[in-house]
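All remarks here apply to the structure that follows.
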Amino acid sequence: MSETRDLGGAVDGGGVERVVLTAHEIAARVAELAHEITGAYPGNEPLLVLGLLKGSFIFMADLVRQLDRPVLVDFLVAASYGEGTVSSGEVRLLYEPETGLEGKHVILIEDIVDSGTTINRLVPVLVEREPRSLEICALLHKRLSAKLALEPRWVGFDAPQEFLVGYGLDHGESFRQLPFIGSLKSPQ
Ligand code: IMP
Ligand code: MG
């Protein structure tokens with residue numbers, strides 16, 4: 001993948017208006033985040049890295065491969081948006097992690113924090129399981145929510161207030177495979 005912001009060529013970004021973050025920019029920031037997370041925990045206890053599916057799957061895969069310490073991986077699934085581009089305010093839990101959280105250092109991996117509904121709904125559920133610590137690492141943060149139950153300790157990028165796709169983020173399940181992050185064309 002070239003570092004160009006041009007959508008033409010190898011990748012079909014059909015429906016994408018402009019490239020907001022190139023694959024190269026994302027990779028550089030993910031490496032920094034992995035380095036910071038690796039250094040943030042004393043000792044050699046495993047981190048339980050908990051990916052919020054589906055949007056975090058590419059970010060998580062890139063991140064965990066650069067964590068230089070023992071890691072456990074699990075996932076949870078919450079559905080909030082359906083096919084739309086505006087938060088419905090509802091979050092459904094469809095899958096829970098099998099790994100026990102109790103006594104573990106847990107990092108929740110989010111693709112993007114938008115209204116904050118997902119985080120505000122999930123954090124109490126996770127805290128109830130008595131992890132030793134709980135932090136959030138979000139690739140993108142729109143900085144819209146006045147009050148989050150837990151502010152992400154690590155944020156990849158502040159995001160523009162547009163609907164973004166690619167690098168795991170979808171619109172109606174499309175665009176997740178794009179190696180860059182782009183903004184979607186507004187519906188005509
Ligand atoms: P929140 O609950 O409003 O904070 O939204 C969080 C979830 O909504 C994210 O995990 C994404 O799955 C989805 N989402 C929010 N904004 C966007 C966006 O710009 N593009 C794609 N998905 C988004
Ligand atoms: Mg989504």
Side-chain angles (χ1 to χ4, degrees), residues 5 7 11-23 25-26 29-30 33 37 48-64 73-97 106-127 134-188:
R5 290 179 185 274
L7 290 171
V11 173
D12 176 12
V16 174
E17 187 154 72
R18 77 188 167 91
V19 176
V20 174
L21 294 163
T22 65
E25 287 166 337
I26 297 166
R29 185 66 184 126
V30 171
L33 289 172
I37 292 170
L48 174 54
V49 182
L50 214 49
L52 186 49
L53 290 175
K54 301 172 193 170
S56 71
F57 82 110
I58 294 178
F59 175 41
M60 171 124 160
D62 285 346
L63 186 75
V64 293
V73 166
D74 211 329
F75 296 96
L76 49 83
V77 180
S80 65
Y81 272 45
E83 301 266 311
T85 57
V86 178
S87 178
S88 62
E90 286 173 35
V91 174
R92 283 180 299 142
L93 277 185
L94 304 178
Y95 173 81
E96 302 217 4
V106 175
I107 306 180
L108 181 67
I109 308 294
E110 243 295 35
D111 55 351
I112 183 164
V113 182
D114 186 356
S115 69
T117 306
T118 307
I119 281 182
N120 287 341
R121 174 79 190 274
L122 281 180
V123 163
V125 173
L126 301 180
V127 165
L134 176 65
E135 302 287 358
I136 297 167
C137 175
L139 177 66
L140 299 157
H141 196 330
K142 287 189 182 169
R143 309 273 178 202
L144 289 177
S145 172
K147 186 91 188 96
L148 287 177
L150 180 62
E151 267 301 328
R153 178 164 173 188
W154 295 285
V155 173
F157 303 92
D158 285 356
Q161 285 166 28
E162 299 166 61
F163 198 79
L164 303 177
V165 294
Y167 197 69
L169 285 85
D170 74 306
H171 178 241
E173 295 303 326
S174 290
F175 306 105
R176 292 194 196 274
Q177 84 284 8
L178 298 177
F180 56 83
I181 290 170
S183 65
L184 206 60
K185 281 181 189 144
S186 314
Q188 303 305 312

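Numbering of ligands and ligand atoms starts at 1, following listing order.
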Please enumerate all residues that pass side chain to side chain donor-acceptor pair (under 3.5 Å) together with E162, with sequence neighbours excluded. R18, S183
D62 vs I26 side-chain heavy atoms within contact, under 4.5 Å: no
Contact between ligand 1 and L144 is defined here as a heavy atom of the residue under 4.0 Å from a ligand atom; is it met? no
Any atoms of ligand 1 less than 4.0 Å from a non-hydrogen atom of D170? List them with their elements. 21 (C)
Checking heavy-atom distances from atom 5 (O) of ligand 1 to each of D114, L52, L164, the winner is D114
Please classify the I119 to ligand 1 contact at 4.0 Å (heavy-atom distances, strictly less than): side chain, backbone, both or neither. neither
Result for side-chain contact (heavy atoms from CB on, under 4.5 Å) between L134 and one of L150, I107, L48 points to L150
Does R121 come within less than 4.0 angstrom of ligand 1, counting non-hydrogen atoms of the residue? no
Residue selection (non-hydrogen contact nearest atom 14 (N) of ligand 1) among I181, I112, T118: I112
Within less than 4.0 angstrom of ligand 1, does H171 place any heavy atom? no
Is a side-chain donor or acceptor of D111 paired with a backbone partner of K54 at a separation under 3.5 angstrom? no
Pairing residues for R29 by the salt bridge (Lys or Arg N to Asp or Glu O under 4.0 Å) criterion, not counting sequence neighbours: E32, E36
Under 4.0 Å from one or more heavy atoms of G116, ligand 1 contributes atoms 1 (P), 3 (O), 4 (O)
Looking at E162, which atoms of ligand 1 are within less than 4.0 Å of one of its heavy atoms? 19 (O)
Plane angle bin for F59 and Y167 - parallel if under 30°, tilted between 30 and 60°, otherwise perpendicular: tilted
Under a 3.5 Å distance rule, please check whether D74 uses its side chain to pair with a backbone N or O of L50 as donor and acceptor. no
Determine whether the side chain, the backbone, both or neither of D111 has a heavy atom under 4.0 Å from any heavy atom of ligand 1. side chain
